[in-house]
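Order of the sequence lines sets the chain letters (A, B, ...), proteins ahead of strands, with each chain counted from 1.
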Number of protein chains: 2
Amino acid sequence: MKKPQGFTVHDIARLAGVSAMTVSRTLNHPEKVSPAVLARVREVVARTGFVPNGMARGLRSSKARLVAAVLPTLVGPVFQETVRALNEALDEQGYQLMIGQSGYDASREDALLDAIIRRRPDGIVLTGIMHSPEGRRQLLASGIPVVETWDLTPTPIDMLVGFSHERIGQSVCHFLYSRGYRHPALISADDDRARRRIEGFQGMSRTLGLDAAPTHLVPAPTTLGSGRAGLAAVLAAHPHTDAVFCSSDMLALGVLIEAQARGLAVPRQLGVVGLGDLDLAASLQPALTTVRIDGTRIGRTAAQYIVERAEGRSVSEPIVDIGFEIIERASA
Amino acid sequence: MKKPQGFTVHDIARLAGVSAMTVSRTLNHPEKVSPAVLARVREVVARTGFVPNGMARGLRSSKARLVAAVLPTLVGPVFQETVRALNEALDEQGYQLMIGQSGYDASREDALLDAIIRRRPDGIVLTGIMHSPEGRRQLLASGIPVVETWDLTPTPIDMLVGFSHERIGQSVCHFLYSRGYRHPALISADDDRARRRIEGFQGMSRTLGLDAAPTHLVPAPTTLGSGRAGLAAVLAAHPHTDAVFCSSDMLALGVLIEAQARGLAVPRQLGVVGLGDLDLAASLQPALTTVRIDGTRIGRTAAQYIVERAEGRSVSEPIVDIGFEIIERASA
DNA sequence: CTGAAAGCGCTAACAA
DNA sequence: TTGTTAGCGCTTTCAG
């Protein structure tokens, strides 16, 4: 298998009648090259379609201009905003984003981490915090800047941009109570962060003198269908449920549809709160009350932290809680 | 800035009392190393947390074990299945997937292509076909295997796994006609592929002796909100519209919600057809009739083609039309 | 402003 | 089975 078009800096140098070093400078520090030479080299580059080999550059300069992000699920609305913002911010600074999917499975996660570390990215963005001790060790040992996101922990690996899931649970419970609901239930994904929201919710529910909220767990990723089925299940077991906190807007949409199919009036007979504030939330009928997390800010901040580090500067406030907000619309 | 933990094969070799080559072999061809040495080297690797430098490996062996995918929008439900399948299939073969977002903008696309080609991936998967002549040239010149997807063209750059958008338009128009609808309208994203579906639809509509279908264009990405607004606009201009073909399921969901808000019975007074067969389609009330594209097959096939090429084999049938299917449910 | 030498970390090819 | 040599393509460093 022959490489069809294997141009190197040397080829370009020869064709332009200069040294390889000058080609390299033309590409990376054009201000240090005389205009005449610059034009000549550029002409050859354009004519040949030469694209320098980034692996060689990275190897020599130990700057890959690459940032890796680890997502539990590759695509799906939840981290959409974060990833978009991350990608945009990095792109502006000349960095490429590489995305890896961890699944919700821990053993695959270590393999993924290995694949990532091999490429020596300038930074790694994790959605969620890293629990596997082996993963932590690898990350720490690699010396690569790491930003954990979408969660809080007293023991971050390195940097952190997140918020408290427990506090979300508390706030939503309190919000529902303040709206007059006394028999709330939970329909929730079965993952670690969702579980902490549930704990927060139940804690507050105890504080307010309510019964423990019935909880219906659904497998991740959450879908509209599991929202419908979830409401059906909850209502079957606890007929006087008067409100539901869903762990995603999709789930909430399912609940809304199922409620409608059953002739249950929202928000009068059933309050519904989602999580995520997807763009569909505002367009629903009734518009969905939901918890908004500023994913854009998470992504942008993570990008900024990593670029700072990659350029050798230090980050002054490497651990931030960006909080969240309950967007009150019409469904609760 | 010192590299905190810069182990190399040489360090590991010294610690294990062997040569660097033996460390390399332990990592890549363990069967060619004696059990005793293997164990010793592995112990050192585990103890130090050594992860080999993939850039160096890639440079030397010109195999990056990397595949790049270009998506118009980074995340979003449309290519979800394709990307997931692509990632899974590549992962099984030991390849990493890198994702780049082109936006719907052509100038950024060339820059992205450049960033991708620099890394010398073993393959590039494009969603949609490459129109920019400059992009084609770059791709061709790079000699990297390319798979274009989600579309058909008589002049692919290299390999192709797609289907005909025009034919989708024709089929949906015919389907609606056969269901008795005589005044269909289109609510569609304003992009190239969507436009070809519209042309197909209008062509068939002429053939069937229908008036040209009113068309309402919405900006990409499509949202539930623009579906609602779209139906309102269509109805305002063309009150006796009796069916709508939406260019995504999200749009269709918006149409369903708007129809409900207006007391329009679906499918009796208004037929609704979506595109994508998202998992929510089946769970809606009424369940959504939609066009299903086998994204999993696209992703898997693309992965297979690229791996074949990367391993030096040739692909026997490098251009496939995987077709599509209208899933008849309750909304039309 | 330009060039020559050296080497980043790894592995293909050959030798022992 | 193991080791030695060389060099992938680039850029850092140092001279001119």
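With sequence neighbours excluded, the residues forming a side chain to side chain contact (heavy atoms under 4.5 Å, CB included) with B:Thr155 are B:Arg136, B:Thr153, listed by chain and number. Judged as a side-chain hydrogen bond (donor to acceptor under 3.5 Å, both in side chains), and not counting sequence neighbours, B:Tyr305 has no contacts. For A:Thr149, the side-chain hydrogen bond (donor to acceptor under 3.5 Å, both in side chains) test picks out no residue, with sequence neighbours left out. For A:Glu311, the side-chain hydrogen bond (donor to acceptor under 3.5 Å, both in side chains) partners at least two apart in sequence or on another chain are A:Tyr95. Take B:Asp122 and apply the side-chain hydrogen bond (donor to acceptor under 3.5 Å, both in side chains) test, not counting sequence neighbours, and it matches no residue.
For the segment residues 14-27 of chain B, residues with any heavy atom less than 4.0 angstrom from an atom of DNA chain D are, sorted by number, B:Val18, B:Ser19, B:Met21, B:Thr22, B:Arg25.
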Side chains of residues 29-44 of chain A: which donor-acceptor pairs under 3.5 Å do they make with residues two or more places apart or in other chains?
unit_1, atom_1, unit_2, atom_2, d
A:Arg40, NH1, A:Ala16, O, 2.4
A:Glu43, OE2, A:Arg47, NE, 3.0

Residues 156-163 of chain A side chain polar contacts: donor-acceptor under 3.5 Å, at least two apart:
unit_1, atom_1, unit_2, atom_2, d
A:Asp158, OD1, A:Arg309, NH2, 2.7
A:Asp158, OD2, A:Val146, N, 2.9
A:Asp158, OD2, A:Arg309, NH1, 3.3

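With hydrogens and angles left out, the side-chain atoms of A:Asp114 and A:Gln138 include a donor and acceptor closer than 3.5 Å.
The phosphate of D:dC8 has neither OP1 nor OP2 within less than 4.0 Å of any side-chain N or O from A:Asn53. Note on A:Arg60: every side-chain N or O is 4.0 Å or more away from OP1 and OP2 of D:dT12. Distances shorter than 4.0 Å separate none of the side-chain N or O atoms of B:Thr8 from OP1 or OP2 on C:dC8.
Of the candidates D:dT11, D:dC10, D:dG9, D:dG9 carries the atom nearest the A:Leu59 side chain, counting heavy atoms from C-beta on.
Taking atom NE2 on B:His29 and atom P on C:dC10, their separation rounds to 15 Å, with Å as the unit. At whole-Å resolution of the value, NE2 in A:His10 and C1' in C:dA4 are 10 Å apart. Atom CD1 in A:Ile117 sits roughly 16 Å away from atom P in C:dG9 (whole-Å rounding). Remark: P of D:dC8 and CZ of B:Arg57 are 19 Å apart, rounded to the nearest angstrom. Straight-line distance from the CE atom of B:Met55 to the C1' atom of C:dG7: 15 Å, rounded to whole Å. Atom C1' of nucleotide C:dG9 and atom NZ of B:Lys63 are separated by 19 Å, given to the nearest angstrom. One atom, CZ of A:Phe7, and another, C1' of D:dC10, lie 17 Å apart when rounded to the nearest Å. With rounding to whole Å, A:Arg119 atom CZ is found 15 Å from C:dG9 atom C1'.
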Q: Check the pair A:Asn53 / B:Arg119 against side chain to side chain donor-acceptor pair (under 3.5 Å), numbers first and verdict last.
A: CA-CA 6 Å; A:Asn53 186 319; B:Arg119 307 214 182 262; over 6 Å; no
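Note on the helix from C:dC1-D:dG16 to C:dA16-D:dT1: angle between the axes of the first and last five pairs equals 30°, rounded to 10 degrees.
Both A:Asn28 and B:Ala56 lie near DNA chain D, and the one whose nearest nucleotide falls closer to the 5' end is B:Ala56.
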